[in-house]
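What follows is a set of notes on a single structure, which appears directly below.
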Amino acid sequence: MSQRVSIKSAQDIAKARIAGRLAADVLHMIAPHVKAGVTTDELERLCNDYIVNVQNTIPANIGYHGFPKTLCTSVNHVICHGIPSDKVLRNGDIINIDVAIIKDGWYGDTSRMYFVGEPGPLARRLVHTTYEAMVAGIRQVRPGATLGDVGYAIQSVAHREGFSIVREYCGHGIGQIYHDDPQVLHYGRPGEGLRLQEGMMFTIEPMVNAGKRHSRQLADGWTVVTKDHSLSAQWEHMVVVTADGFEVLTPWPEDQDGYEPIG
């Protein structure tokens, strides 16, 4: 696999860094609008307008393999690829918003969780644990480490809390191609899998279920939900392997909002 994974130059990384920061800025912009009574279509409209008319960038998701919208909005038991609609958010909901943009041919791709009003104890623990799992995986990234090290760190955090890792969907290489090699699994064994090299760029985006790991896709061909209807959470950052560790290419432009800093 290592022969197929592209190594990015310093110039490449600088371009990806710009795209990543723009994607993260969309998630910062939309945060105050995520509240009870709003529809996911309204969040879609606001983000599309911001991407196109304020950032002057391209929404990467529209038309990608036929996907109809700018955002993926995955609420409660939706694992990923939820399509914005007239669904109204209610107090206590949790929602993942996943956005990707294209800037000068380079992709920025990131997602994060939001609480709608006051979440229940399980929802709060799931969201914070999923963030902790992502951070644990990112912190394994360095030259000479393996993707098995990353996956094992992620699953260890999730399993510690009695949660499960979704296995059908994973992180991916990114750059001038949206979904590229390598596939980044969110489970694994230490020392196994692709050995990381400086200049490799990919997403780490664990999907963690409060119940069992099994999923099913709805009839729309996109929306993926938990089979047991349990809550699901996801966080996503783009990272690049540096000479001595990693750089997060989609850092939040605001403070950490109560979450542990990654660096």
Side-chain angles (χ1 to χ4, degrees), residues 1 4-5 40 60-61 64-69 71-85 94-100 107 109-113 122-123 126-127 129-138 140-141 146-174 177-190 192-194 202-239:
M1 177 185 277
R4 305 206 313 268
V5 177
T40 52
N61 287 333
Y64 185 74
H65 294 303
F67 191 78
K69 300 281 185 163
L71 304 176
C72 296
T73 51
S74 302
V75 182
N76 293 336
H77 70 291
V78 178
I79 295 170
C80 61
H81 304 158
I83 302 173
S85 67
I94 59 173
I95 178 174
N96 174 274
I97 298 180
D98 193 333
V99 65
Y107 285 85
D109 183 14
T110 185
S111 83
R112 65 163 296 177
M113 297 298 299
L122 176 62
L126 175 67
V127 167
T129 299
T130 306
Y131 178 79
E132 182 187 347
M134 177 191 66
V135 172
I138 291 173
Q140 293 296 313
V141 173
T146 69
L147 286 181
D149 298 336
V150 174
Y152 180 76
I154 291 168
Q155 76 178 25
S156 296
V157 173
H159 292 171
R160 181 197 72 204
E161 298 296 322
F163 299 146
S164 61
I165 296 286
V166 175
R167 295 193 169 212
E168 292 85 354
Y169 304 91
C170 61
H172 52 88
I174 192 167
I177 298 172
Y178 193 175
H179 293 92
D180 202 359
D181 286 329
Q183 289 194 332
V184 181
L185 304 181
H186 302 118
Y187 58 94
R189 296 179 179 176
E192 294 189 356
L194 176 71
F202 45 83
T203 68
I204 294 178
E205 49 182 298
M207 287 147 269
V208 178
N209 296 345
K212 296 182 179 179
R213 68 173 183 84
H214 305 97
S215 66
R216 66 183 182 92
Q217 189 178 75
L218 299 188
D220 62 22
W222 285 102
T223 307
V224 178
V225 301
T226 55
K227 269 192 175 180
D228 61 7
H229 214 72
S230 63
L231 293 174
S232 187
Q234 180 187 19
W235 296 82
E236 176 184 13
H237 271 310
M238 279 171 58
V239 299

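Quantities reported herein were computed from a predicted structural model and do not represent experimental measurements.
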Interatomic distance, [X] atom [atom1] to [Y] atom [atom2] [nearest 0.5 angstrom]:
X      : Y      : atom1 : atom2 : result
Ile95  : Ser74  : CD1   : OG    : 7.5 Å
Gln155 : Arg189 : CD    : CZ    : 9.5 Å
Met134 : Ile204 : CE    : CD1   : 8.5 Å
Leu147 : His186 : CG    : NE2   : 10.0 Å
Leu126 : Ser232 : CG    : OG    : 6.5 Å
Asp228 : His214 : CG    : NE2   : 9.0 Å

Is there a side-chain contact between [X] and [Y] in this structure, where contact means two heavy atoms from C-beta onward sitting under 4.5 Å apart?
X      : Y      : value
His65  : Trp222 : yes
His179 : Ile174 : no
Ile154 : Ile165 : yes
Ile94  : Val75  : no

Derivation and outcome, side-chain contact (heavy atoms from CB on, under 4.5 Å), residues Asn209 and Leu231: CA-CA 6 Å; Asn209 296 345; Leu231 293 174; over 6 Å; no
What one should report as the nearest heavy-atom pair of Thr223 and Ile83 is OG1-N, 4.0 Å
Nearest heavy-atom approach of Ala136 to Ala153 is O-CB, 3.6 Å
Charged N to carboxylate O under 4.0 angstrom, Arg112 versus Glu205? no
With the threshold set at 4.0 Å, does a side-chain nitrogen-carboxylate oxygen contact exist between Asp181 and Arg4? yes
Any side-chain to backbone donor/acceptor pair from [X] onto [Y]? Under 3.5 Å, distance only.
X      : Y      : answer
Asp149 : Thr146 : yes
Trp235 : Ala133 : no
Thr40  : Pro84  : no
Thr73  : Ile97  : no
Glu161 : Thr129 : no
Thr203 : His237 : no

Is the Tyr169 to His81 ring centre distance short of 6.0 Å? yes
Please walk me through it: do Val141 and Phe202 pass side-chain contact (heavy atoms from CB on, under 4.5 Å)? CA-CA 11 Å; Val141 173; Phe202 45 83; 4.2 Å; yes
When you look at CZ of Arg216, are more than 12 heavy atoms from neighbouring residues, nucleotides or ligands closer to it than 6.0 Å? no
With no hydrogens and no angle check, do the side chains of His172 and Asp109 hold a donor and an acceptor under 3.5 Å apart? yes
If the test is side chain to side chain contact (heavy atoms under 4.5 Å, CB included), which one of Arg213, His159, Arg167 qualifies with Tyr187? Arg167
Which residue in the set Ile79, Asn96, Val224 passes side chain to side chain contact (heavy atoms under 4.5 Å, CB included) when paired with Met207? Ile79
With side-chain contact (heavy atoms from CB on, under 4.5 Å) as the test, would you mind laying out the steps for Gln234 and Cys80 before giving the verdict? CA-CA 8 Å; Gln234 180 187 19; Cys80 61; 4.2 Å; yes
Could you label the plane-to-plane angle of the Tyr64 and Tyr178 rings as parallel, tilted or perpendicular, counting under 30° as parallel and over 60° as perpendicular? tilted
What's the verdict on side-chain contact (heavy atoms from CB on, under 4.5 Å) for Glu168 and Val166, showing C-alpha distance, side-chain angles and the deciding distance? CA-CA 6 Å; Glu168 292 85 354; Val166 175; 3.5 Å; yes
